[in-house]
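Input: a single structure, listed below in structure tokens.
This is a predicted model, so every value here is computed, not measured. Position 1 is the first residue of the sequence, and the numbers go up from there.
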Amino acid sequence: MKYLYRIYQLFIALPIILVASILTSLTTTVGCLLGNGHFWGYHPGRLWARLIIRVLLLPIKVEGREHLKDKQSYVFVSNHQGAFDIFIIYGFLGRNFKWMMKHQLRKMPLVGVACDAAHHIFVDRSGPHKIRDSYSKAREILREGMSLVVFPEGSRTFTGHMGKFRRGAFMLADELQLPVCPLTINGSFNVMPRTRDMKWVLWHPLRLTIHEPIEPTGHGKEYVDEVVDKSYQSVMSGLVPEYQGYRENPDQ
């Protein structure tokens with residue numbers, strides 16, 4: 001079965017994904033330039049992400065959508081198991097949002113241009129001024145009523161376990177008094193761990209758990225620290241036993 005799946009990936013799934021990626025990037029870029037950036041910056045990408053999961057025959061289960069309120073902005077924070085986290089959240093979270101992503105992704109052919117046109121937020125940590133600029137853009141997005149998705153670990157895990165959470169996204173939620181919604185991803189590390197980038201996809205079930213949002217109850221550093229801790233514990237609680245527990249991530 002492993003080799004049949006690889007043949008399927010090479011001759012069927014890969015051509016479909018390549019064509020879909022090109023068309024999605026072009027549709028997003030042109031749509032955002034000519035029309036509603038919030039619409040064109042989300043829906044083509046959502047369909048593209050769902051297509052990738054489906055064409056690779058990966059089963060996915062989503063739990064906890066009932067926790068989300070209509071027309072409410074959230075700061076979503078998730079563990080970062082692997083490259084497929086993007087497709088899982090984009091395709092199956094069911095909320096219009098903007099990503100906070102590494103600035104290096106801007107250099108990706110077509111995809112980087114599309115993300116820029118869609119007003120996703122590239123985080124450049126090369127200096128204090130650039131960091132402040134990134135968070136200023138995120139602040140504007142949230143004030144417009146959009147939600148934000150952040151990987152507070154900052155980089156993908158090498159082990160499947162969680163590293164530490166950075167505080168930036170939580171400080172934004174505190175400043176704007178928005179609920180923080182923890183997300184747990186399972187299976188992405190098994191499908192394509194960081195150490196196997198651009199290699200064969202391994203078949204494995206995927207799961208996205210949407211935890212109960214943490215509503216703002218205070219303001220300031222003490223509150224931020226409390227929400228960071230609660231979010232971390234929520235995300236950790238949804239992980240399968242194999243990946244429970246903290247492991248230092250040398251890339252953080």
Side-chain angles (χ1 to χ4, degrees), residues 37-39 41-42 46 62-81 85-86 88-90 92-102 118-125 128-155 162-186 207-239 244 246 249 252:
H38 290 336
F39 177 90
Y42 170 67
R46 179 180 66 87
V62 181
E63 303 170 326
R65 280 209 190 101
E66 68 276 7
H67 293 143
L68 303 180
K69 299 177 183 177
D70 292 340
K71 300 180 180 179
Q72 171 66 59
S73 295
Y74 294 97
V75 175
F76 292 99
V77 295
S78 173
N79 61 318
H80 204 358
Q81 280 207 334
D85 299 346
I86 305 297
I88 294 168
I89 294 176
Y90 220 158
F92 298 92
L93 179 59
R95 288 303 262 224
N96 197 335
F97 64 87
K98 301 297 182 186
W99 291 101
M100 288 193 76
M101 59 183 71
K102 287 185 174 183
H119 302 292
H120 294 302
I121 301 153
F122 296 98
V123 181
D124 188 342
R125 299 187 180 276
H129 174 74
K130 292 183 177 180
I131 294 174
R132 285 195 299 269
D133 184 56
S134 298
Y135 280 94
S136 292
K137 291 177 182 177
R139 192 178 293 111
E140 291 171 12
I141 291 295
L142 289 166
R143 283 176 173 155
E144 290 174 5
M146 293 292 293
S147 292
L148 193 67
V149 173
V150 184
F151 295 116
E153 292 170 275
S155 58
M162 287 169 57
K164 61 185 178 182
F165 277 4
R166 291 179 170 141
R167 301 171 74 249
F170 301 94
M171 293 171 69
L172 274 176
D174 175 57
E175 178 184 339
L176 301 177
Q177 289 292 280
L178 291 174
V180 172
C181 184
L183 307 173
T184 302
I185 291 172
N186 279 291
R207 189 172 82 234
L208 173 64
T209 303
I210 304 168
H211 298 278
E212 188 171 350
I214 302 168
E215 299 290 340
T217 57
H219 187 72
K221 181 181 182 301
E222 183 178 344
Y223 165 73
V224 171
D225 291 341
E226 180 182 342
V227 175
V228 171
D229 184 61
K230 285 183 178 179
S231 299
Y232 195 91
Q233 295 306 320
S234 290
V235 177
M236 180 76 76
S237 71
L239 285 172
Q244 287 278 338
Y246 166 81
N249 186 345
Q252 283 194 313

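- When each of I141, V150, V149, V75 is tested with F97 by the rule side chain to side chain contact (heavy atoms under 4.5 Å, CB included), just one qualifies, namely V149.
- Looking at heavy atoms from C-beta onward, F151 lies in side-chain contact with I86 at the 4.5 angstrom threshold.
- At a threshold of 4.5 Å between non-hydrogen side-chain atoms, the residues S155 and K102 count as touching.
- More than 12 non-hydrogen atoms from other residues, nucleotides or ligands lie less than 6.0 angstrom from CD of E66.
- In this structure, CG in L142 is found 6.0 Å from CG in L176, a value given to the nearest 0.5 Å.
- Residues M162 and Y246 form no side-chain contact, since every pair of their non-hydrogen atoms from C-beta on lies 4.5 Å or further apart.
- For the atom pair OH (Y135) and CE (M171), the distance works out to 8.5 Å, reported to the nearest 0.5 Å.
- Residues H67 and C181 fail the side-chain proximity criterion, which asks for heavy atoms closer than 4.5 Å.
- A salt bridge links R167 with D225: the distance from a Lys NZ or Arg NE/NH1/NH2 to an Asp or Glu carboxylate oxygen falls below 4.0 Å.
- By the 4.5 Å heavy-atom criterion applied to side chains, I185 and L208 are counted as neighbours.
- Residues in residues 208-218 take part in these side chain to side chain donor-acceptor pair (under 3.5 Å) pairs, two or more places apart or across chains: E63-T209, T184-H211.
- Using a 4.5 Å cut-off on side-chain heavy atoms (C-beta onward), Q72 and R95 make contact.
- Side-chain contact between I214 and F170 is absent, with no heavy-atom pair separated by less than 4.5 Å.
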